[in-house]
Amino acid sequence: MNSETLDTSIRYLKGVGAAREKMFAKLGITTLRDLIGYFPRAYEDRTLFKRTNDLVIGETVCVVAMAATAPQLSHIRKGLDIVKLKAVDEVGTLELTFFNQPFIKDAIKPGEMYVFYGKIEGTLIRPAMVNPLFEKQHVHDRAQDHDVASNKITGRIMPIYALTAGLSQKSIQSAALAALEKCEEDLPDILPENIVKKHELCRAGYALKNIHFPEDMKALELSRKRLIFEEFFVLASAMKLLKDGRKEKIGRALKLPQWDQFYDALSFKPTQAQMRAIEEAAKDMGAPQAMNRLIQGDVGSGKTLIAAACCYMTWKSGCQSAFMAPTEILAKQHFQSLSALLEPMGMHVGLLVGSMTAKQKKDIYARLSLGEIDLIIGTHALVSQGVSFRELALVITDEQHRFGVGQRSMLTEKGDSPHVLIMSATPIPRTLALIIYGDLDVSIIDEMPSGRTAIETYVVSERHRKRVYQFINKLALEGRQIYIICPMVEELAKSDDGAPESGIDPEAMPVHGRKSAEQADTASSDIPLKSAVEYHKVLQDEIFPNLRIELVHGKMASKKKDAAMEAFARGEADILVATTVVEVGVDVPNAALIIVENADRFGLSQLHQLRGRVGRGVHESFCILFSGAAGDQSRARLDVMRATGDGFKIAEEDLKIRGPGDFFGSRQHGLPEMKIANLATDMLILNQAQDAAHENLRSDPELKSPENRKLRAQIAQLFEINADRLN
Ligand code: ADP
Ligand code: MG
């Protein structure tokens with residue numbers, strides 16, 4: 001493979017030049033490799049040829065015909081020129097009309113043969129095309145032999161690319177064509193030969209050519225399969241390598257405790273899924289390797305119990321646990337519920353958050369290092385310098401995708417290869433979890449504690465606003481509490497450095513900082529966005545002067561934020577106007593209604609998390625989503641929320657719509673973006689590729705053989721951060 005050609009700049013391609021180079025850069029394309037890796041988002045099939053006596057009105061086809069008359073240009077009025085002519089084949093005629101393309105007059109010569117591509121209009125007696133695409137009839141009629149390098153625009157399947165301002169389909173198409181031609185000899189085949197054979201995959205060169213300019217639909221299918229397989233194969237190989245690297249880490253084998261004391265203290269019976277997760281984690285911690293386990297479960301599925309059980313087991317072995325939550329509010333809630341459960345058993349539970357005084361912190365530091373605290377719960381204040389442990393054997397992080405991988409490891413470094421338990425409330429389809437968290441073992445809690453009632457969900461528009469306000473009033477008078485969620489307008493432009501105090505900003509999630517393509521397409525942009533700050537003022541002053549309304553948003557000082565949250569939690573406010581800071585974990589059982597303004601701007605999984613703030617008590621609960629967008633797609637998307645309360649299903653829908661890159665923001669999970677594979681719909685290939693990757697690694701665990709050289713290089717390149725693990 002000559003990678004040099006692939007790595008040359010697109011600037012040297014015919015027709016690109018300095019100006020276009022800049023526009024291509026906006027699409028992340030600077031080299032020929034990038035361009036060839038920029039796969040079409042759709043295709044236009046221009047391979048259907050018809051004769052003029054066989055046409056169907058409304059069908060889009062190619063017609064081979066001779067220009068029978070000289071094109072007539074008429075200037076109708078300013079800004080309206082029409083060129084008309086008639087074309088004929090052996091069996092009939094086709095009328096052609098071109099609007100505002102006066103040059104056609106000279107481009108089409110009577111007596112010559114052309115291929116016209118367009119939608120059939122007119123009548124069956126006088127069929128017509130308006131503004132058809134056309135070109136001279138190809139020498140080898142009907143594109144029988146596939147020639148990628150040809151500039152043909154009819155008789156082939158044309159790629160449709162995602163565009164950026166200034167670049168036309170045509171310019172990307174011809175650049176892609178030129179790049180493929182130039183790199184013909186160099187298209188990298190990174191899959192080992194035996195795997196290509198075994199899975200009946202086509203060659204990389206064939207796949208790359210055909211993914212851009214498919215010979216026919218079958219070739220496109222084959223090519224797609226090959227490229228998806230390859231993408232998954234690389235990903236699965238990389239993940240397995242990471243996982244195997246980690247397995248060698250020695251850890252401390254903890255004793256399996258007598259569980260009776262623990263289970264007897266519970267006020268409820270654990271679900272089967274909870275029991276299973278506890279067993280899995282306990283088994284891990286009992287082994288002489290460090291546990292690295294993800295507990296995955298929908299909001300309210302009872303993940304905290306798993307954490308509690310693990311802390312209990314650690315304590316019974318005479319060791320300490322640390323539990324890190326993404327916000328102070330959450331840390332305090334965990335502290336309250338876990339100390340209530342574990343202290344009566346004899347455990348000492350402590351809290352460490354940024355807002356504590358220096359003296360309080362020092363006291364905690366001392367007790368931690370002496371081993372007087374068995375379980376410390378806190379924010380990322382836990383990773384600060386002063387914190388040291390006597391015997392840290394378990395590290396738990398809640399909502400892990402909000403922590404950088406770095407922060408997690410800073411905490412584990414405070415122990416001697418402690419066991420690690422990660423809890424994620426974002427339900428991800430299992431296969432995806434295995435890929436994304438490929439270097440972790442996964443326990444999935446797929447069962448809800450009994451007795452939960454479904455949250456009634458409505459998608460409404462501005463028209464219903466009055467009624468919604470009446471409903472708020474009614475519930476508030478009944479003593480219930482209400483959340484009103486707004487996107488944080490001023491946050492959209494905010495830089496990346498997160499919340500001032502904790503360094504972790506739940507609102508720095510990618511979902512609403514960036515519009516997905518789908519949202520950009522459908523949500524009409526003129527819906528006024530409700531800024532939490534202004535909205536709070538309007539609600540309090542004008543709409544509900546009778547109710548007590550608190551406000552929290554990510555930009556508030558952490559103390560104020562917590563004060564407002566806690567006031568709401570204590571029932572001292574009827575309404576909490578909030579940004580998505582409340583998305584994670586907070587527990588106010590008296591809250592029975594959540595309203596989400598501009599719901600179109602949120603990801604489905606995020607809406608599901610938000611909805612999980614209600615329905616946590618005995619009260620019948622409701623979720624109202626305000627949708628401003630008229631687009632059907634947007635509405636259909638929100639309807640998923642109405643149709644199901646199953647976080648896994650919702651996540652899967654989300655994944656289909658937005659792809660995994662947006663799912664967490666690639667920054668968080670550190671995975672390369674999937675170019676062609678869809679983690680939700682290409683599951684079958686994913687499974688095959690994963691099996692193949694594992695088999696391949698069994699025979700060559702470090703990918704050292706010549707067969708695996710390119711694969712290894714590719715992994716090193718894609719997973720830059722982890723390159724050291726590959727050496
Ligand atoms: P999450 O998975 O969202 O973190 P929590 O652990 O906070 O869920 O649990 C949600 C609520 O359900 C808590 O009040 C908890 O005490 C309760 N709970 C947990 N497990 C059970 C169970 N098996 N039966 C009944 N209630 C439970
Ligand atoms: Mg939780």
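What you see is a predicted model; the values in this text were computed from it and never measured.
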Check your understanding: Nearest 0.5 Å, what's the NZ-CG distance between K316 and L256?
Key -> 13.0 Å
Point to revise | Polar side-chain atom of E343 near backbone of V349 as donor-acceptor pair, under 3.5 Å | key: yes
Review point. Can we say E478 and K474 salt-bridge, meaning some charged N sits less than 4.0 Å from an Asp/Glu carboxylate O?
Key: yes
Exercise for review: Could you please spell out the steps behind the side-chain hydrogen bond (donor to acceptor under 3.5 Å, both in side chains) verdict for D298 and H608?
Suggested key: CA-CA 9 Å; D298 209 346; H608 179 67; 2.6 Å; yes
Point to revise | Between E280 and S443: side-chain donor-acceptor atoms closer than 3.5 Å | key: yes
Exercise for review: Could you tell me whether the side chain of S317 and the main chain of K255 form a donor-acceptor pair under 3.5 Å?
Suggested key: yes
**Study point:** Residue pair R276 / D446, side-chain heavy-atom distance below 4.5 Å
**Key:** yes
Review point. Do S321 and L375 touch side chain to side chain, with heavy atoms closer than 4.5 Å?
Key: yes
**Study point:** Residue pairs, two or more places apart or on separate chains, that pass ring pair (Phe, Tyr, Trp, His ring centres under 6.0 Å) and touch residues 330-375
**Key:** F323-H334
Practice item. To the nearest 0.5 Å, tell me how far L382 CG sits from F389 CZ. Key: 6.0 Å
Point to revise | Shortest non-hydrogen contact from S627 toward L638 | key: CB-CD1, 3.5 Å
Review point. Is there side-chain contact between L394 and M291, with heavy atoms separated by less than 4.5 Å?
Key: yes
Review point. Got a salt bridge between R642 and E456, using NZ or NE/NH1/NH2 to carboxylate O under 4.0 Å?
Key: no
Exercise for review: Please name the pair of heavy atoms, one in R637 and one in L604, separated by the smallest distance, quoted to 0.1 Å.
Suggested key: O-CD2, 3.4 Å
Check your understanding: In terms of the angle between their ring planes, are Y458 and F622 parallel, tilted or perpendicular, with boundaries placed at 30° and 60°?
Key -> parallel
Review point. From Q274 CD over to S301 OG, what is the distance, rounded to the nearest 0.5 angstrom?
Key: 7.0 Å
Check your understanding: Is there a salt bridge (Lys or Arg N to Asp or Glu O under 4.0 Å) between R252 and E391 once you walk through the steps?
Key -> CA-CA 11 Å; R252 186 192 332 248; E391 197 71 272; 2.9 Å; yes
Exercise for review: Taking all non-hydrogen atoms of both residues into account, name the closest pair between G479 and N590 and its distance.
Suggested key: O-ND2, 2.9 Å
Check your understanding: CE of M565 to CG of L330: how many Å apart, nearest 0.5 Å?
Key -> 8.5 Å
Review point. So, are E572 and R548 salt-bridged, with charged N and O less than 4.0 Å apart?
Key: no
Exercise for review: Measure the acute angle between the ring planes of W259 and Y263, then classify it against the limits of 30° and 60° as parallel, tilted or perpendicular.
Suggested key: tilted
Review point. Does CG in D416 sit with more than 12 non-hydrogen atoms of other residues, nucleotides or ligands closer than 6.0 Å?
Key: no
Point to revise | Salt-bridge present (K283, D441; N to O < 4.0 Å) | key: no
Check your understanding: Closest approach of L341 and A308, non-hydrogen atoms and distance?
Key -> CD2-CB, 3.8 Å
Point to revise | Shortest non-hydrogen contact between P418 and T412, atoms and distance | key: CD-O, 3.2 Å
Exercise for review: Write down the atom of I484, the atom of I472, and the distance for their closest heavy-atom approach.
Suggested key: CD1-CD1, 4.1 Å
Point to revise | CD1 on I422 to CD1 on I295, rounded to 0.5 Å | key: 9.5 Å
Review point. Any idea how F262 and Y312 line up, ring-wise: parallel (<30°), tilted (30 to 60°), or perpendicular (>60°)?
Key: tilted
Exercise for review: Step through the shown structure and confirm whether more than 12 heavy atoms of other residues, nucleotides or ligands are within 6.0 Å of NZ on K649.
Suggested key: no
Revision key, fill the gap. Interatomic distance, CG@L475 vs CD@E620, rounded to 0.5 Å, equals 9.0 Å
**Study point:** Exam field: side chain Q481 to backbone A573, donor-acceptor pair closer than 3.5 Å
**Key:** yes
**Study point:** Close side-chain approach of H419 and L254, heavy atoms under 4.5 Å
**Key:** yes
